[in-house]
Amino acid sequence: MGGRSMRVGAFVAGVSALCVVASAPALAQDKPFAGVTVNLITQTGAIQEPLQRRAPDFEAKTGAKINVIAVPFSDLYQKILTDWASGTNSVDAAVYAPQWMVDYIAGGYLEDLTPRIEADKDIQEDDVGAFFRDFSQKYNGKAYMITLDGDFHMMYYRKDVLDAAGQKVPTTWDEYLAVAKAVHGQDMNGDGNPDFGSCIAKKRNAQSYWFVTDVVGSMTQSKGTSQGTFFNAADMTPLVNNDAFRKALDFLSESTKYGPPDELNLDVSDTRPLFASGRCALNLDWGDVGTISIDPKQSKVQGKWGAAIMPGSKEVLNWETGKLEACSADNCPHAIDGVNHAPFAAFGGWGGGINAAADAKVKDAAFAFFSYMTQPAQSNSDVTIGGTGFNPYRTSQLSYSDLWKHAGMTEEEAKVYLGAINASMSSPNMILDLRIPQNQKYQQVVLDEAVSRFLAGEIDKEATVKAVEDGWNELNDEIGKDEQLKFYKATIGAK
């Protein structure tokens, strides 16, 4: 018995060994990136989550290990730039903001992905929304990133709270403040505690500096995308020292009265669960709030919320006088019911790019991972999950279907949620985010610091206007105003 068992055991072991040897070439072929590690950097939290969650499955399929490095959003731009510009090159790939690519391309740090994208049918590039495919991914006609997320700011509201108070969904910033004031302090989630009329992320060194542009842009830009909202496209004068910018500051200050007591310290990662837990009547954010609001594990507002295109203004800026004037057919050709909306493609959608200095095999593996992430099999699921930070960006994701039904979104909710995104994407007056060299210094440093100090009461309104105007002018002079103007006009399509 014992000897026979040993012989059988040896035979089985021998067969197993032969099988391993015989299958080794097939295994290598099945896993083309066995032994390859891709160091990929992105922001902590949302965006990090789907990359980290799907990395093991990708490794099982291809052999490539995806090492996700996460840093706070405030550090991400500089971490990437420093690593690549210094020649350290410890980062092989990044998931970053489209507007930053201008600085990475200028140094020759980003790989041109155009031929790879064109050759990869699995990406289904024709299904990617035209804005993301033709603008966000590209610079000077070449693609330097793969879209993983679609970003537009929109407004969220509590239908039940507004209905009970006899309030309509706001279409202007003045109406937003009126509604917020009317319902502020009510118990909106039944826990016996007073809740908030408005929740807007206003934390410094976070993701709050875009919101001032939502407000000022609806007064500054009224004649179409190519008019622009940051600078005068004739001479690169900052559009800051005017009544539109001052009114935007007033809005942010006034809305703080109807927000959580610690609103100045809240990032979007804080305001999103506040809305979902039923504590906010109104909220401004990206598409994440909609998918969080349908998640039964996080949401107490299922069936009680709605979404709309960002509010606008019945007055727009006269660029020559710096004063606000009533909307008319001449100065507001795109107005809806007398309201000028300028939906802001804030950030523009996260996407993946590859370090041009990376090893060839690493580049191949990094691209394969980004391709895997954006393919419908993965992205169709990820854009319906609130914690991913990924919002709809494929045309097929922007209409109600089984995709949204299975995610728990009703047809009524999808109508307003996807409708707000579609209305923003198709608006002829869409605001394009600033995409000139060193844009991060203009917005994330100068603008963010000035607005944050204003809201904290450290400086007054006029000092805030001066800080932004002077800061932007100094950057223009330092970098080269004429060159910056060329970049700015090219970005917005100004002649």
Side-chain angles (χ1 to χ4, degrees), residues 40-43 47 50-51 76-77 80-81 84 92-152 225 286-287 344-356 358 363-364 366-376 378-380 382-383 388-398 421-422 424-426 430-437 439-440 487-488 490-493:
L40 187 160
I41 194 169
T42 194
Q43 78 157 358
I47 308 304
L51 299 170
L76 184 58
Y77 164 86
I80 299 170
L81 186 61
W84 292 350
D92 303 310
V95 176
Y96 63 97
Q99 66 181 138
W100 297 345
M101 75 167 67
V102 60
D103 291 335
Y104 303 152
I105 294 167
Y109 311 133
L110 274 178
E111 180 87 351
D112 177 7
L113 302 181
T114 309
R116 294 178 185 266
I117 291 173
E118 289 176 349
D120 190 343
K121 303 305 179 189
D122 292 334
I123 292 177
Q124 296 185 30
E125 186 77 349
D126 289 347
D127 185 39
V128 175
F131 169 72
F132 306 109
R133 184 182 67 238
D134 300 331
F135 180 77
S136 290
Q137 291 186 165
K138 292 183 178 180
Y139 189 78
N140 281 342
K142 295 180 179 179
Y144 290 93
M145 67 181 284
I146 296 179
T147 299
L148 302 174
D149 158 58
D151 279 340
F152 281 92
T225 298
W286 285 275
F344 185 23
F347 201 88
W350 292 86
I354 299 173
N355 183 354
K363 289 180 186 178
D364 290 346
F367 182 84
F369 181 64
F370 289 144
S371 171
Y372 167 76
M373 290 299 301
T374 194
Q375 288 169 27
Q378 285 67 244
S379 68
N380 282 355
D382 289 342
V383 299
T388 63
F390 288 172
N391 303 151
Y393 62 92
R394 290 183 171 276
T395 303
S396 59
Q397 295 165 351
L398 289 167
I421 297 174
N422 280 310
S424 300
M425 284 182 63
S426 61
M430 178 206 302
I431 296 174
L432 298 177
D433 214 344
L434 188 61
R435 200 153 110 170
I436 60 176
N439 54 70
Q440 184 260 359
F487 279 107
Y488 184 62
T491 297
I492 63 175

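The first residue in the sequence is number 1, and the count goes up from there.
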field: Within-4.5 Å side-chain heavy-atom neighbours: I123 and F370
entry: no
task: Evaluate the side-chain proximity of V102 to N439: yes if any heavy-atom separation is below 4.5 Å, no if none is.
output: yes
query: Do Y96 and M145 touch side chain to side chain, with heavy atoms closer than 4.5 Å?
result: yes
field: Pair W84 and Y104, ring centroids less than 6.0 Å apart
entry: yes
message: Quick check against the 3.5 Å criterion: does T114 have a side-chain atom that pairs as donor or acceptor with the backbone of A143?
response: yes
query: Are the aromatic ring centres of F152 and Y393 under 6.0 angstrom apart?
result: no
- prompt: Does any non-hydrogen side-chain atom of L40 lie less than 4.5 Å from one of F369?
  reply: yes
Min side-chain heavy-atom separation R116-E111 under 4.5 Å: yes
- prompt: Would Q397 and S379 count as having a side-chain donor-acceptor pair, cut-off 3.5 Å?
  reply: yes
field: Main-chain N/O of A356 paired with K363 side-chain donor or acceptor, under 3.5 Å
entry: yes
Side chain proximity check, K138 to Y144, heavy atoms < 4.5 angstrom: no
Side-chain donor-acceptor pair present, S371, D120, cut-off under 3.5 Å: yes
- request: Please name the pair of heavy atoms, one in I47 and one in W350, separated by the smallest distance, quoted to 0.1 Å.
  value: CD1-CD1, 3.4 Å
Axial cation check for Y139 ring with R435, 6.0 Å and 45° limits: no
field: Distance-only donor-acceptor check, side chains Q440 and D103, under 3.5 Å
entry: no
query: Heavy atoms, side chains only, cut-off 4.5 Å: are Q137 and P98 in contact?
result: no
task: Mark yes or no for whether W286, through its side chain, and A346, through its backbone, hold a donor-acceptor pair below 3.5 Å.
output: yes
message: Looking at G348, is its backbone amide N or carbonyl O close enough to the side chain of D433 to form a donor-acceptor pair, meaning the two atoms are under 3.5 Å apart?
response: no
query: Is a side-chain donor or acceptor of N355 paired with a backbone partner of L110 at a separation under 3.5 angstrom?
result: no
- prompt: Side chains of R394 and T374: closer than 4.5 Å at any heavy-atom pair?
  reply: yes
